[in-house]
Amino acid sequence: EAIQPDDHAKYLLTSGSTDMPKVVPISFDMLMANTVQCQQAIGESAGWHEVMLDWLPWHHAAGAYVLRTTLLEGGTLYIDEGKPLPGLIDHSLRNLAEISVSYFNNVPLGYALLVEAMERDPALRASFFRKMRLMLYGGAGLSQELYDRLQALAVAETGCRVMMTSGYGMTETVSAFMAIHFPSDKVGIGLPTPGMVLKLVPVGERFEVRVKGPNVMQGYLDEPERTARAFDEEGFYRTGDLALFHDPADPAQGLAFAGRAAEEFKLSSGTWVYGGALREGLLAALAGQVNELVLCDDDRPWLTVLLWPTQHADRAAIAEGLARFNAGQSGSAARVRRALLLGTPPDPNAHEMSDKGTVNRRVVIDRRRAEVERLYAADPDAGVIRLD
């Protein structure tokens, strides 16, 4: 049955991280439940009653949550006009150099650009960590390498590490329903907040994450078929994400993000490419050289990659990093045969990047078909990095 419009609900668009945006009716009961969940999990450490600086859009779940909770707690919200994109991040960096906050949240790409800037600018580093007591990442999996670089900056500035948590959730759950609320030096998605029931369905060595709770949607507006696919036979919402326990013998250490099912694909040989793990490994191997990447492509004979280089990237260093990465892989489906550096950032107006700063792999590949064909040309041009 289709979900009908409701005068007592608000409507938010999903971010479009892996598909085109969908409309989610969100009731005031869902909003209230999620607000209480996150306040109980994170508590005073977020400092919503103090000074906030935030760029997240208010028409998506996370940005609306920051606005709502800051208002409820009586805090001050500065609107950051920046975005986690080359060039646009400069606005955020200027704001962070002027306004020191105790709580900061961003997506992994935003943190990558911020870390790169702080490694060059001691004054920015000092301002960022002056009052900082809690950092949060969400929207996509943060690489362990980027986490370690960020904590190294914290130690250099303050003499100690700064608590970092995750905000794992989606528009369909209003906002985060899992968080790291315990000491940890590992990136991950944490543990469920109060009131949530997590169902982990085995998928090989990993688990598909499904969830029930008072903040979970009833369905998409006017899309009964999508709604039916979104829930399993027991009424659990299918997130489409995969996870692993950091330590299966100690579940209290929480879960680690292990990829999105929608980002996994097969080569023409029938071999699976596990996109989430490969992306994290490649970003670690290309640290300081690449901000983000997209793996290509379904039903092709071998794996290639589109890369967004950092401001000071070196082509030779990128080629060397890719070669080192390949040397550590045991299967051909995990080895990158060719790579191409992109000169233009992902375009949010074309849905290549969601409003919360995550890259939509499928849209990038479809819109940049000419670049993808260059990667698979029989005789590639000089702009293509060859590793075959």
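Below, all heavy atoms of this structure are taken into account, side chains as well, without hydrogens, waters or symmetry copies.
Looking at Asp232 and Arg238, no side-chain N of the basic residue comes within less than 4.0 Å of a carboxylate O on the acidic one, giving no salt bridge. The pair Arg361-Glu292 fails the salt-bridge criterion, with no side-chain N (NZ, NE, NH1 or NH2) lying under 4.0 Å from an Asp/Glu carboxylate O. A salt bridge is absent between Glu352 and Arg362; no separation between the charged side-chain nitrogens and carboxylate oxygens falls under 4.0 Å. By the 4.0 Å N-to-carboxylate-O rule, Asp299 lies too far from Lys266 to be salt-bridged with it. Ion pairing between Glu223 and Lys22 fails under the 4.0 Å rule for side-chain N and carboxylate O. Using a 4.0 Å cut-off between a side-chain N of Lys or Arg and a carboxylate O of Asp or Glu, Asp297 and Arg369 qualify as a salt bridge. Ion pairing of Arg149 with Glu145 is present here, as a side-chain N (NZ or NE/NH1/NH2) and a carboxylate O approach within less than 4.0 Å.
No side-chain N or O of Trp302 forms a donor-acceptor pair with one of Asp388 less than 3.5 Å apart. Judged purely by distance below 3.5 Å, without hydrogens or angles, the side chains of Gln37 and Asn34 pair a donor atom with an acceptor atom. With no hydrogens or angles considered, a side-chain donor-acceptor pair links Arg368 and Thr344 at under 3.5 Å.
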Walk me through it: do Glu98 and Asn95 pass the test side chain to side chain donor-acceptor pair (under 3.5 Å)?
CA-CA 5 Å; Glu98 178 183 346; Asn95 290 335; over 6 Å; no
Show your reasoning for whether side chain to side chain donor-acceptor pair (under 3.5 Å) applies to Gln151 and Asp148.
CA-CA 5 Å; Gln151 292 292 9; Asp148 292 339; over 6 Å; no
Evaluate Tyr103 against Met135 for side-chain contact (heavy atoms from CB on, under 4.5 Å), listing each step before the verdict.
CA-CA 6 Å; Tyr103 167 73; Met135 301 178 291; over 6 Å; no
For side chain to side chain donor-acceptor pair (under 3.5 Å), just list the numbers for Tyr220 and Glu172, CA-CA rounded to whole Å, side-chain angles, deciding distance to a tenth of an Å, and then say yes or no.
CA-CA 9 Å; Tyr220 300 112; Glu172 289 87 344; 2.6 Å; yes
In sequence, state the C-alpha distance, the side-chain angles, and the governing distance for Tyr137 and Tyr111, and then conclude on ring-ring contact (aromatic ring centres under 6.0 Å, His included).
CA-CA 8 Å; Tyr137 59 90; Tyr111 274 109; 7.1 Å; no
Side chain to side chain donor-acceptor pair (under 3.5 Å) between Glu50 and Ser102, worked out
CA-CA 8 Å; Glu50 298 177 356; Ser102 58; 2.8 Å; yes
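A cation-pi arrangement, defined by a distance under 6.0 Å to the six-membered ring centre and an angle within 45 degrees of its axis, is present between Arg300 and Tyr376.
By the 30° and 60° cut-offs, the orientation of the rings of Phe128 relative to Phe104 is perpendicular.
At distances below 3.5 Å, at least one donor-acceptor pair connects side-chain atoms of Ser45 with backbone N or O atoms of Ile42.
Proximity of the aromatic rings of Phe177 and Tyr168 is defined here by a centroid distance below 6.0 angstrom, and this criterion is met. Side-chain rings of Trp48 and Tyr65 approach one another, their centers coming within less than 6.0 Å.
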